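To keep things clear, I will list the structure first and then write my remarks on it.
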Amino acid sequence: MTNAIVFAILSTIKIGIVIGVLLLVIAYLIWVERKVMAHMQVRMGPMRVGWHGLLQPIADGLKLITKEDIIPANASKILFIASPAIAMVPALLSIAVIPFGDTISIMGVSIDMVITDVNIGILFILAVSSVGVYGILLGGWSSNNKYSLLGGLRSSAQMISYELSMGLSLIGVIMMTGSLSLVDTVNAQTDLWFVVLQPVAFLVYAISAIAETNRCPFDLPEAETELVSGFHTEYSSMKFALFFMAEYANIITVSAVGVTFFFGGWRGPFLPPVVWFLIKMALCIFFFVWLRSTFPRFRIDQLMQFAWKVLLPVAVVNVLITGIVMTLL
Amino acid sequence: MTIATQVMTINMGPQHPSTHGVLRLLLELDGETVVKATPDIGYLHRGIEKLAEHKTYHQFIPLTDRLDYLAPMSNNLGYALAVEKLLDIEAPKRSQYIRVIMCELTRISSHLLWLATHALDIGAMTVFFYCFRERETINDIFEMVAGARMNLSYIRIGGVARDLPDGFTEKTRDFINTFMDRLKDYETLLTKNKIWLMRTKGVGVISAEDAINYGLSGPCIRGSGVRWDVRKSEPYSSYDEMDFLVPVGENGDVYDRYLVRLEEMRQSNEIVRQAMDNLPEGEYIADIPDVALPKKEDLKQSMESLIHHFKIVTGGICPPVGEVYACVEAPKGELGYYIVSDGSKNPYRIKIRPPSFVNLEVLEKMIVGHLLADVVAVIGSLDIVLGEIDR
């Protein structure tokens, strides 16, 4: 009985901390992206609110909350209101199984630095993040706007195609660890990171992850120069903010999964595990921003061709080779 | 079983981020493939040609700025040349060279803005800011010369408004010396970028024959491999004394037009350098008191100048009866002015031949059968400005 109570209390505290930190990180991720991109583009970025614009995310949040919340007259109301939540919730949920540190013990109670170590962790993440597609698709569809519809169609096509190669790229690692749990995956990388053993899988994962989060150069669903703003054209106020935050939460999720699967998770010398985890995440996220300020955008047919004709075969072959090598050794 | 499908009509513009102003395109889409594209223009119509009929010849100059507002100097020059042809006068050598410097800086500035927006349309964001940095310097130079940054009205009938100011030479030389390296930066971001090549090669193709039949001009026709440049075929304003090449493409696609414009920027940079090196001494405006405005500095000393100034400004000039056509190679193509004079102080009729208007006609031919994303790439590569399409 006491164990159950301790578990409940601990879990609630952990969820509280993780959600709080996550939302703060999302807010500041937007600031970081604006600053990093600005400096790559010979400009300063936000400078007015606080020192070097440090309070900008808060100002943006306040602005979005106070904006008028418009629902287009011909929109399908229930879906229109539900879809930002459908996009946001899965993005937050998948963080639950990511380990960001070793087990620590406080006052005799050992605490895992993961909200819950599910033994099918990665399946959970893949399954939950697939639900996020519905948010975008329904949002685009229910807006009753042609640009939104096109954006929604693009994103559903894109995210479904890239999910396949993303899942397949992780299978190589899963075969080597023999476990779907993310904690086990991190523990399997004590000596060597999987990025060394599975370089092809890492490349496939990296590309699919960028496509999966709708980021440049795969940002077609919201290509503002073609589709005005894509699936969230008609959204305003906090509904828009939810879509926006979901995108960044997804970036965090795929970075976290990438770090866990290929860069040894929280493992690293000297510094505390959580710090290592955050450093690795930050580098991944920097990579995202870097790409955005470098590349032009793909076209929809090229994007689909790339997914089905290049990434998927490569991922399958990688799984095959991993299997063969593991049988022989 | 076949599923009934329907084409979707989509209204692209007049408020759309990549129709470059207020172009409205009625697109009929089958999925994302364009079936039909109908441009609808007129959202920026200000009746400039009609206004001309109620202005004196000098008063019309500021209106020409508002045609292609990204290349005001070229617009000024085209008009000034037409009126000079009507009056049968010629601007002094020094002013011709100054005009060349200004027009070529304008070409660089206009092409920079094209590159910025074209790259942004295709999704490359950083190029946009780099190009605007350079364009800012050119705007500073124009501000020194003309006092304005956008609507310059610097070129006058018979010359230019005033001589080059102090500090102009240093600033411009600084710019042309660094510009070549800056261009290399853009090229490293785009020219060999795999995604850029995928997006631009084989898109928006127009054959040389079609390009001629449609009457294209400027980089749009040169991208198809036709070596047509007014600066070479009918040299004006001492362009025959400049040594420069006219770049042409081969395939007439978006990528070739991109390469042509980049090379044109290099050539323009060279022309500016040559014109600055060989800038002759002399007057900056013709000394023909009854048609060309007297020099500003003379107004305070010479009573005759004051009288001439007063007469031209209040009464205008009355050129002989006749019809003339003069054209210049504006950044976007052949910009022509057809003036009909009935001998009075107002032009009887001014017809402007804007390059963008003619180039836009080819849009539908280029994009039918392509994807929605290609539409913005093609519009960008045609480099249209609605200011001169609608006039």
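Keep in mind that what you see is a predicted model, and the values were worked out from it rather than measured. Numbers restart at 1 for each chain; the letters A, B, ... are given by sequence-line order, proteins then strands.
Rounded to the nearest 0.5 Å, atoms CD1 (Ile122(B)) and CZ (Phe295(A)) are 15.0 Å apart. For the atom pair CG of Leu149(A) and CD1 of Ile10(B), the computed distance is 9.0 Å after rounding to the nearest 0.5 Å. Once rounded to the nearest 0.5 Å, the distance linking CE of Met125(B) with CE of Met40(A) reads 12.0 Å. Taken to the nearest 0.5 Å, the OH atom of Tyr147(A) stands 7.5 Å off from the CG atom of Leu372(B). Interatomic distance, NZ of Lys146(A) versus CG of Asn11(B), reported as 8.0 Å (0.5 Å rounding).
Remark: Phe286(A) CZ is packed, more than 12 non-hydrogen atoms of other residues, nucleotides or ligands lying under 6.0 Å away. Atom CD of Glu250(B) sits in a sparse spot, with 12 or fewer heavy atoms from other residues, nucleotides or ligands closer than 6.0 Å. Within 6.0 Å of the CH2 atom in Trp31(A), the count of heavy atoms belonging to other residues, nucleotides or ligands exceeds 12.
Between Pro296(A) and Asn193(B), the shortest heavy-atom distance links the atoms CD-ND2, 3.3 Å. Heavy atoms only, all atoms of each residue included: Leu150(A) and Leu29(B) are closest at CD1-CD1, 4.0 Å.
When atom types are taken as modelled, the side chain of Thr126(B) and the backbone of Ser293(A) share a donor-acceptor pair closer than 3.5 angstrom.
Heavy-atom proximity under 4.5 angstrom to chain A picks out Phe129(B), Tyr130(B), Arg133(B) from residues 127-136 of chain B. For a heavy-atom cut-off of 4.5 Å, chain B lies close to no residue in residues 50-60 of chain A.
Residues Met198(B) and Arg299(A) have side chains not in contact (no heavy-atom distance under 4.5 Å, counting atoms from C-beta outward).
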